[in-house]
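Here it is, the structure, as structure tokens.
This one's a predicted model, so the numbers in the text were calculated from it and none came from an experiment. Atom set for the values below is all heavy atoms of this structure, side chains included, hydrogens, waters and symmetry mates excluded. First the proteins, then the strands, lettered A, B, ... as listed; each starts at 1.
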Protein chains: 2
Amino acid sequence: MKQRPGNTKADEQAINIIIAAVKSIAPMSGTDIELMLAILQYKTVKKHQLLLKEGEVSRNVYFLVSGFFRMYYIDFDGNEINYRFTDQHNFLVDFQSFLIQKPSHFYWEAMQDAELFVLPYRDIQDAYASSPAWNNFGRLMAEHVYLQLNERVEMLLFMNPEERYLHLLKTKPELFEKVSQFHLSSYMGVKPESLSRLRKRLLKK
Amino acid sequence: MKQRPGNTKADEQAINIIIAAVKSIAPMSGTDIELMLAILQYKTVKKHQLLLKEGEVSRNVYFLVSGFFRMYYIDFDGNEINYRFTDQHNFLVDFQSFLIQKPSHFYWEAMQDAELFVLPYRDIQDAYASSPAWNNFGRLMAEHVYLQLNERVEMLLFMNPEERYLHLLKTKPELFEKVSQFHLSSYMGVKPESLSRLRKRLLKK
DNA sequence: GGGAAACGTTGACGTTGGTTAAGAAATGAA
DNA sequence: TTCATTTCTTAACCAACGTCAACGTTTCCC
């Protein structure tokens, strides 16, 4: 792992976590893992710090060793709209900005102190070019993210706010522990007041 | 190209179209193209015919040489909800069902007589395994489909129906030529009556 | 601990989309 | 051509979300 200026030190534990996460996505030989360890950079981020701002190009894929992030967008009226939440032990990337290397529409904010690994765009493209296993990993990761996004479209397209709430309760109960009603509401595509009323309505039933 | 029973015959022209489409997504050597031609099957479909039904597993990727398809879903109330439209010279796949080989939620219907190429799941997985170029292609296709879907989420999440209509007019004018207002409405996430009213409202401005 | 900020709830009111129903217009098939 | 089907529009009514505002509660941070 690169120890560049500004890099804090990753412990054994953190490295084992990312190796397990990668292997759970695609099979990897020792050499392929070495390739990854050589490009990893370790970083810590304080609560409320931003990893990415609107207008910046996402030049990295991140892996969240610990902490919790939200990806949000600021709409025409200046409201923050939460687009996605990412929990620890997951990869974290503005896939759109990363893939086409264009400025992002999003902000990435740490909602808790976080530790993460940084995988620079350039190094990942090199890995794709030099290792079939990494290319395979890239394909699986894209497919994986596609499926996640697909779930979101289905929720927004096929369900009304009440159904979305019940669906999230059932499929992502963790969210309700980590995220305030306020932040959840924009993720659901409604205003905080509407979520509050919706919950009241459901309680009556 | 395999000439199995039931396969009609593809002409030179159709083969050139798919080769061009593949090369526009990822660079391919002659050998890689041969690999594809060896697994291609040619098929024609009449207007209103279904390529896939809810509950079936999507066992193929298709390439649309000519014609126009809609992918739709039937909601709890029995309404057909259009999820995606695919025009000629594009790949056509229920990515979710295809990736995990689980039953699809969707129907694929030809809205015009169509000619297409069929690429079976098994053969594609073999191509991924045997050719890095195909793995690369698979990754790029997944990324490409991701970006398309992402556009859709942004539209549904960040815009109200009126904004969605104006946005589609600007970004996908072809849709308005090929698709009736009726079919467009469910794609936009509203009822036909609402789209009609919305258009009337806009005309007044 | 205390003040500020963020969050949650409620009310009143306007707007808009859903629902139902009906009929006109366009399209398609026999 | 003619009949049936699909699509489009309009109307009336209702339910639900957005907006604005007020206020209580919780959390955060110095």
Nearest atoms (heavy-atom pairs only) where B/A14 meets B/F117: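 Answer, listing the atom of B/A14 first, then B/F117: O-CE1, 3.4 Å.
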
If you find the nucleotide of DNA chain C closest to B/L198 and the one closest to B/E193, which residue's nucleotide is nearer the 5' end?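 Taking each residue's closest nucleotide, the earlier one in sequence belongs to B/L198.
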
Using whole Å, what does the distance between atom C1' of nucleotide D/dC17 and atom CG of B/N160 come to?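 Result: 12 Å.
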
Residue-phosphate contact under 4.0 Å: B/S196 side-chain N/O, D/dC8 OP1/OP2: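 No.
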
Of all heavy-atom pairs between B/Y187 and B/R84, which one has the smallest distance, and what is that distance?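 Smallest heavy-atom distance, with atoms named: CE1-CA, 4.0 Å.
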
Are A/Y165 and A/F176 close enough that their ring centers fall under 6.0 Å?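 Centroid distance A/Y165-A/F176: below 6.0 Å, so yes.
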
Does A/Y83 offer a backbone N or O that forms a donor-acceptor pair with the side chain of A/R152 under 3.5 Å?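 It does hold such a pair.
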
Counting heavy atoms from C-beta on, name the nucleotide in D/dC17, D/dT10, D/dT7 closest to the side chain of B/F182.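 The answer is D/dT7, which lies nearest to the side chain.
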
Please name the pair of heavy atoms, one in A/P27 and one in A/A133, separated by the smallest distance, quoted to 0.1 Å.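 Where A/P27 meets A/A133 most closely, the heavy atoms are O-CB, 4.5 Å.
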
Would you indicate which nucleotide in D/dC17, D/dT10, D/dC28 comes nearest to any side-chain atom of A/R201?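 Out of D/dC17, D/dT10, D/dC28, the nucleotide with an atom closest to A/R201's side chain is D/dC17.
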
Please tell me which of the listed nucleotides, D/dT19, D/dC8, D/dA11, lies nearest to the side chain of A/R197?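 Shortest atom-to-atom distance from the side chain points to D/dT19.
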
Report the distance from atom NZ of B/K191 to atom C1' of D/dA15, rounded to the nearest whole Å.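 B/K191 atom NZ is separated from D/dA15 atom C1' by 15 Å.
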
Below 6.0 angstrom between ring centroids: does that apply to B/Y146 and A/Y146?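 Not close enough - the centres of the two rings lie 6.0 Å or further apart.
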
Below 4.0 Å from chain B heavy atoms, what is the first contacting nucleotide of DNA chain C and what is the last?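 First-to-last contact on DNA chain C, by the 4.0 Å heavy-atom rule, is C/dG17 to C/dG28.
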
Whole-Å distance separating the NZ atom of A/K178 from the P atom of D/dT27: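 My rounded result for the distance is 17 Å.
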
Quickly work out the A/R164 CZ to D/dC17 C1' distance and round it to whole Å.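 Whole-Å distance recorded here is 11 Å.
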
Once you round it to whole Å, what is the distance between C1' of D/dT6 and NZ of B/K47?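 Nearest whole value for this atom pair: 11 Å.
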
If you count the non-hydrogen atoms of other residues, nucleotides and ligands that lie under 6.0 Å from NZ in A/K178, is the total more than 12?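 Yes.
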
Gap between atoms CG and P, on B/L202 and D/dT9 respectively (whole Å):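 Whole-Å distance recorded here is 12 Å.
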
